[in-house]
Amino acid sequence: MTSAPTTPDDAPKFRYTGALAQEIELRWQDRWEADGTFETPNPAGPLADPERIAGRPKIFVLDMFPYPSGTGLHVGHPLGFIGTDIYSRYKRMTGFNVMYTMGFDAFGLPAEQHAVETGQHPAITTAANVTNYRRQLRRLGLSHDARRSISTTDPGYYRWTQWIFLQIFNSWYDTEADKARPISELVAQYESGDRATADGRAWGDMSAAERNVIVEGHRLAYVSDAPVNWCPGLGTVVANEEVTADGRSDRGNFPVFKRNMRQWMMRITSYADRLIADLDLLEWTDAIKAMQRNWIGRSEGASVHFASPAGPITVFTTRPDTLFGATFMVLAPEHPLVDRLTTPERRDIVAQYRHQAASKKDIDRQDDTREKTGVATGSYAINPLTGESIPIWIADYVLMGYGTGAIMAVPCGDQRDFEFARLYGLPIPAIQQPPDRSLDTATWDSAFIGDAPFVNSSNDSLDLNDIDSVATAKRLTNQWLAANGHGEAAITYKLRDWLFSRQRYWGEPFPIVYDLDGNPHGLPDSELPLVLPETDSFSPRTFDPNDEFSNPESPLDRLEWWTHVELDLGDGPQPYRRDTNVMPQWAGSCWYELRYLDPTNEQQFVDPEVERYWMGPQPEGHDGHEHPGGVDLYVGGVEHAVLHLLYARFWHKVLFDLGHVSSKEPYYRLFNQGYILAAAFKDEREIYVDATEVVERDGNYFHGDLRVTREWGKMGKSLKNAVTPDDICQSFGADTLRLYEMAMGPLDASRPWETRDVVGMYRFLQRLWRNVVDEETGELALLDADATLDTQRLVHRTINGVRDDMDALRFNTAIAKLIELNNQLTKLGGCPRDIAEPLVLMIAPLAAHVAEELWAKLGHTDSVAYQPFPTADPALLVAETIEYPVQINGKVRGRVTVAAGTEPSGVEAAALADDKVIASLAGAAPKKVIVIPGRMVNIVA
RNA sequence: GCCCGAGUGGCGGAAUGGCAGACGCGACGGACUCAAAAUCCGUUGUCCGAAAGGGCGUGUGGGUUCGAGUCCCACCUCGGGCACCA
């Protein structure tokens with residue numbers, strides 16, 4: 001199915017076939033490598049070449065780097081890579097110094113799993129996979145600077161991942177300065193008394209242990225008890241996605257328990273507001289920005305304290321203005337105060353409900369239409385505004401993980417509370433007078449949410465009645481709450497701190513040791529990199545799958561020789577124990593773009609001068625917007641819209657606050673490429689069959705004699721529909737593959753792969769080749785004349801259009817314009833000699849190899865890579881005559897051709913004089929004639 | 001449910017509010033060939049018509065406009081994200 005059209009034995013010797021394309025491509029790839037064609041100069045350091053930088057603007061083009069899997073690339077993977085390559089090549093030809101390379105995100109679970117299964121060390125399989133990926137990417141002709149390629153698993157790389165971790169560990173967030181600062185400055189503030197301690201005691205009066213608690217409590221990377229999914233059967237903590245609906249592990253089907261565990265956390269929540277606010281600086285799509293805002297989930301409201309028999313219960317509400325209507329309170333079943341609030345006679349029913357809620361939680365989560373359930377605790381709280389006793393219930397629609405795990409229920413103003421009150425016969429007093437509704441809520445069929453005058457909303461010191469603005473009522477209520485000690489304005493986020501440790505082997509070891517008292521200490525720089533120790537047992541220790549209270553033991557725990565060390569951290573040699581967790585796979589991808597800039601620097605993670613040059617704020621950004629610095633174009637899949645892009649922004653902001661980088665944001669302009677989908681076929685047993693063996697007959701699909709059904713999905717092994725770039729390169733050449741992937745549609749749209757269609761781009765290159773080269777001799781064969789004015793005009797219109805398309809990443813329409821030009825040349829019987837160079841230069845970013853070959857045939861010895869991209873002559877962009885379509889009442893009825901520059905009155909006269917127009921008007925007098933200069937004429941009859 | 005996107009020929013897709021369907025695939029016809037493949041030339045939205053020509057056409061219904069695939073309102077369908085978020 002992937003084979004090229006067969007080439008007959010008697011075909012011209014120099015026809016552009018798959019075989020010739022391959023020969024050309026491999027030759028030029030070797031040449032580029034030998035000449036270092038795509039090596040990008042830095043302003044300083046070992047890769048410096050000031051001469052090649054002078055006078056050239058810079059641009060940093062970045063792909064989301066891949067995880068090098070064992071199965072290699074399929075044609076869906078390089079869609080974005082081809083796009084960035086074309087853009088990079090175009091930018092080089094328009095005078096830019098282009099940063100463009102590729103690294104590998106090579107730590108992670110699949111390599112570890114593979115190692116567990118095969119016994120082969122993940123370092124070995126990873127190295128083999130990286131080698132294979134590099135080979136496949138090179139075969140596509142990507143113009144990477146290979147010297148800058150890194151793998152997150154190189155000790156020379158993760159040394160700096162560990163260093164950045166220590167920067168974060170040694171920092172705290174100063175909420176007044178609104179930035180991270182070194183923890184030593186916090187200690188200095190406490191020591192000098194500039195900063196008061198929580199209990200007002202002098203720093204010097206505290207014990208070392210007490211001071212430690214305060215310092216550890218401020219670090220941006222800290223150890224804490226965090227709720228995790230503990231899977232004793234696997235011996236690891238698993239992510240939410242890896243837990244099935246019935247609370248078992250995806251892998252192995254073992255029970256998973258929610259419990260607290262000591263874990264490394266990152267205080268990303270300190271940056272929540274800046275992560276939202278700085279989205280405004282970025283050229284990202286609104287969709288991605290919305291996803292990030294959504295994920296951070298900021299809500300403004302108030303904390304309100306309700307007195308209860310178990311002490312104050314704090315709730316978070318976005319509608320403090322409705323507090324007069326709070327007639328009951330609901331706690332999450334897991335809320336820690338539930339035991340103390342439950343009265344003896346309610347004990348059994350509450351226990352039963354809590355048990356129920358705990359066991360079926362995850363399945364029912366999916367079901368938002370389900371009826372509300374809940375039980376009363378038997379206790380009452382006091383509504384601080386009304387002084388009334390209100391019952392305290394528990395219900396599973398209140399979540400422990402959001403806000404405070406408790407809500408005040410305002411049934412007239414919240415739909416869930418409304419339904420709950422209806423169900424359990426709780427009172428629903430109206431506190432607003434909605435338009436078109438009576439105050440008798442028995443007549444309501446839903447809660448009322450919106451602006452409307454408040455009623456029944458006053459006490460001795462607060463009167464909201466007749467206020468018709470929610471915002472005003474909120475403000476007044478918040479003031480009252482604060483003044484009376486019942487609460488304060490508050491902001492809540494959905495974003496949680498980032499759980500940063502994994503009980504696994506194939507990751508970056510933490511550069512942390514613990515002293516005998518269990519206090520963590522960062523390793524000094526001289527101890528970095530802390531190399532991942534060699535071992536041949538990669539699996540974490542597993543436990544009885546049902547032993548909920550077992551404790552994780554990572555593979556590193558077993559390496560006694562490694563975990564116990566003696567170090568001098570300033571007070572003489574002392575025994576320490578190493579941290580045995582590793583970092584999550586996200587860590588390495590949080591800063592890789594910075595290492596590309598200065599990949600071999602052993603003194604710093606990046607030379608500040610080099611960093612400023614590539615990442616610093618720019619005078620002008622995309623489309624004339626402000627450019628706050630960062631990568632100029634970042635291309636990758638939308639699947640990283642939240643986690644990677646949020647974590648990387650967070651790390652970058654810490655580095656910015658500490659003065660290590662010059663840009664506030666790592667990725668200025670983000671472009672999400674679409675996916676390549678592919679047909680997958682299932683037989684009657686619902687089992688996928690090899691897509692390459694399926695044939696279509698009369699709109700039905702058959703695998704052998706069996707009828708199969710078609711569906712569309714991401715390309716991959718599991719759907720048995722993967723097509724490899726190696727096959728396509730072999731059959732048609734990489735240039736055809738590049739063109740096909742780009743011509744399929746806009747880069748940001750997903751589209752189905754059709755091997756059948758690839759031949760279209762192959763034919764295009766074949767015709768292009770034939771227009772310039774004699775297929776029999778392989779010699780240059782241009783028309784023996786210069787282009788006519790008409791052809792010149794077409795060429796210059798094409799130049800103009802292709803430039804616009806390239807700038808806007810519209811490679812599909814750029815290709816269409818080039819095909820159109822080439823088709824015109826085919827009609828002429830070949831390429832006029834003065835058109836050949838612009839033609840080859842325009843095709844060069846797209847079909848890089850064939851362009852190099854043709855460029856050489858045109859007599860040039862230099863690579864086409866740095867030749868100036870053609871510039872359109874404005875004089876040739878305007879035509880001598882213009883054909884105007886003439887519409888009558890919006891329908892085209894005729895055409896007139898007039899000289900360019902004819903005044904509208906002249907165009908109108910010509911239109912009204914046209915035979916067809918006269919016939920169509922049939923004597924009717926035009927009421928109005930609209931002439932759009934250069935466009936068209938519309939006659940209103 | 002909420003938040004983003006998108007609906008155009010047989011298929012992938014083009015179209016600063018100004019000639020809908022560029023370009024490619026497929027299909028059909030022709031050239032070359034003993035024949036086929038490859039290659040080349042031509043036709044190809046749909047309906048009526050021998051043709052000239054005409055009617056209808058961008059998910060549905062309304063609106064703005066001289067003019068709407070494009071802008072506005074309502075709805076339908078599909079894709080993505082979040083979801084009992086207080």
Side-chain angles (χ1 to χ4, degrees), chain A residues 4-8 10-12 15 17 285-295 297 299 301 315-319 322 330 332 364-370 372 395-399 401-410 413-417 419-420 492-494 638-639 641-642 672 675 699 712 739-740 743-746 748-761 763-764 766-767 770 775 804 810 812-820 822-823 826-827 883-892 895 926-932 934-941:
Chain A
T6 55
T7 307
D10 60 347
R15 172 161 290 176
T17 60
T285 61
D286 290 340
I288 300 287
K289 288 186 181 183
M291 278 191 231
Q292 292 228 335
R293 285 197 190 96
N294 213 333
W295 189 263
S299 350
V315 304
F316 174 76
T317 176
T318 54
R319 292 290 305 277
T322 63
V330 188
D364 286 348
R365 258 244 152 91
Q366 316 294 339
D367 181 10
D368 55 330
T369 57
R370 140 186 99 99
K372 307 264 172 295
D396 59 8
Y397 79 88
V398 176
L399 308 174
Y402 183 75
T404 63
I407 62 160
M408 64 179 212
V410 182
D414 181 280
Q415 187 57 25
R416 289 157 307 177
D417 299 345
E419 287 169 26
F420 194 81
T492 293
Y493 302 92
K494 276 195 275 188
V638 72
E639 72 270 23
V642 273
N672 292 112
Y675 297 106
W712 293 95
L739 284 177
Y740 172 65
M744 288 164 89
D748 57 0
S750 292
R751 58 309 268 296
W753 175 270
E754 285 286 359
T755 300
R756 188 175 73 174
D757 293 355
V758 174
V759 72
M761 292 304 117
R763 288 180 191 144
F764 163 50
Q766 210 165 58
R767 280 194 285 261
R770 191 158 42 227
E775 285 191 323
D804 285 350
R810 289 188 306 249
N812 54 331
T813 49
I815 291 168
K817 290 181 176 84
L818 288 166
I819 293 176
E820 237 173 315
N822 190 58
N823 287 348
T826 303
K827 282 206 179 75
E883 185 187 72
Y884 281 85
V886 183
Q887 295 183 340
I888 295 174
N889 295 332
K891 292 205 181 292
V892 179
R895 292 167 191 288
K927 289 199 186 93
K928 191 174 174 187
V929 179
I930 294 135
V931 177
I932 309 296
R935 282 284 175 192
M936 64 184 314
V937 182
N938 192 13
I939 300 170
V940 186

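Just so it is clear, the values below take in all heavy atoms, side chains as well, and ignore hydrogens, waters and symmetry mates. Chain identifiers are assigned alphabetically (A, B, ...) following the order of the sequence lines, protein sequences preceding nucleic acid strands; residue numbering begins at 1 within each chain.
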Quiz item: With sugar-phosphate meaning primed atoms plus P, OP1 and OP2, does A/Q766 contact a base, only sugar-phosphate, or nothing at under 4.0 Å between heavy atoms?
Solution: sugar-phosphate
Self-check item: Atom-pair distance (NZ on A/K289; P on B/G5), nearest Å
Solution: 13 Å
Exercise. Measure the distance from CE on A/M291 to C1' on B/C2 and round it to the nearest whole Å.
Key: 14 Å
Practice problem: Could you tell me which non-hydrogen atom of A/A332 sits nearest to which non-hydrogen atom of A/V398, and how far apart they are? | Solution: CB-O, 3.3 Å
Quiz item: Given B/A86, B/A22, B/G81, which nucleotide is nearest the side-chain atoms of A/T317?
Solution: B/A86
Exercise. May I ask you to say what A/A287 touches in the nucleic acid, namely base, sugar-phosphate or nothing, with a heavy-atom cut-off under 4.0 Å?
Key: sugar-phosphate
Quiz item: Given that both distances must come in under 3.5 Å, which nucleotide forms a Watson-Crick or G-U wobble pair with B/C82?
Solution: B/G1
Exercise. For A/V929, report the nucleic acid contact type (base, sugar-phosphate, nothing); a contact means any heavy atom under 4.0 Å.
Key: nothing
I'd like a table of atom pairs between the protein and nucleotides 54-56 of chain B - only N or O on both sides, under 3.5 Å - with the distance next to each one.
unit_1: B/G55; atom_1: OP1; unit_2: A/R893; atom_2: NH2; d: 3.4

Below 3.5 Å is the cut-off: list the nitrogen or oxygen pairs between protein and nucleotides 12-19 of chain B, distance only.
unit_1: B/G12; atom_1: O2'; unit_2: A/M744; atom_2: O; d: 2.9
unit_1: B/A14; atom_1: OP1; unit_2: A/N812; atom_2: ND2; d: 3.0
unit_1: B/U16; atom_1: O4; unit_2: A/R935; atom_2: NE; d: 2.8
unit_1: B/U16; atom_1: O4; unit_2: A/R935; atom_2: NH2; d: 3.0
unit_1: B/C19; atom_1: O2; unit_2: A/R895; atom_2: NH1; d: 2.8
unit_1: B/C19; atom_1: O2; unit_2: A/R895; atom_2: NH2; d: 2.4
unit_1: B/C19; atom_1: N3; unit_2: A/R895; atom_2: NH1; d: 3.1

Scan nucleotides 57-64 of chain B against the protein and return all N/O pairs shorter than 3.5 Å with their distances rounded to 0.1 Å.
none

Quiz item: Does NZ or CZ of A/K372 lie under 6.0 Å from the centre of the six-membered ring of A/Y397, at an angle within 45° of the ring axis?
Solution: yes
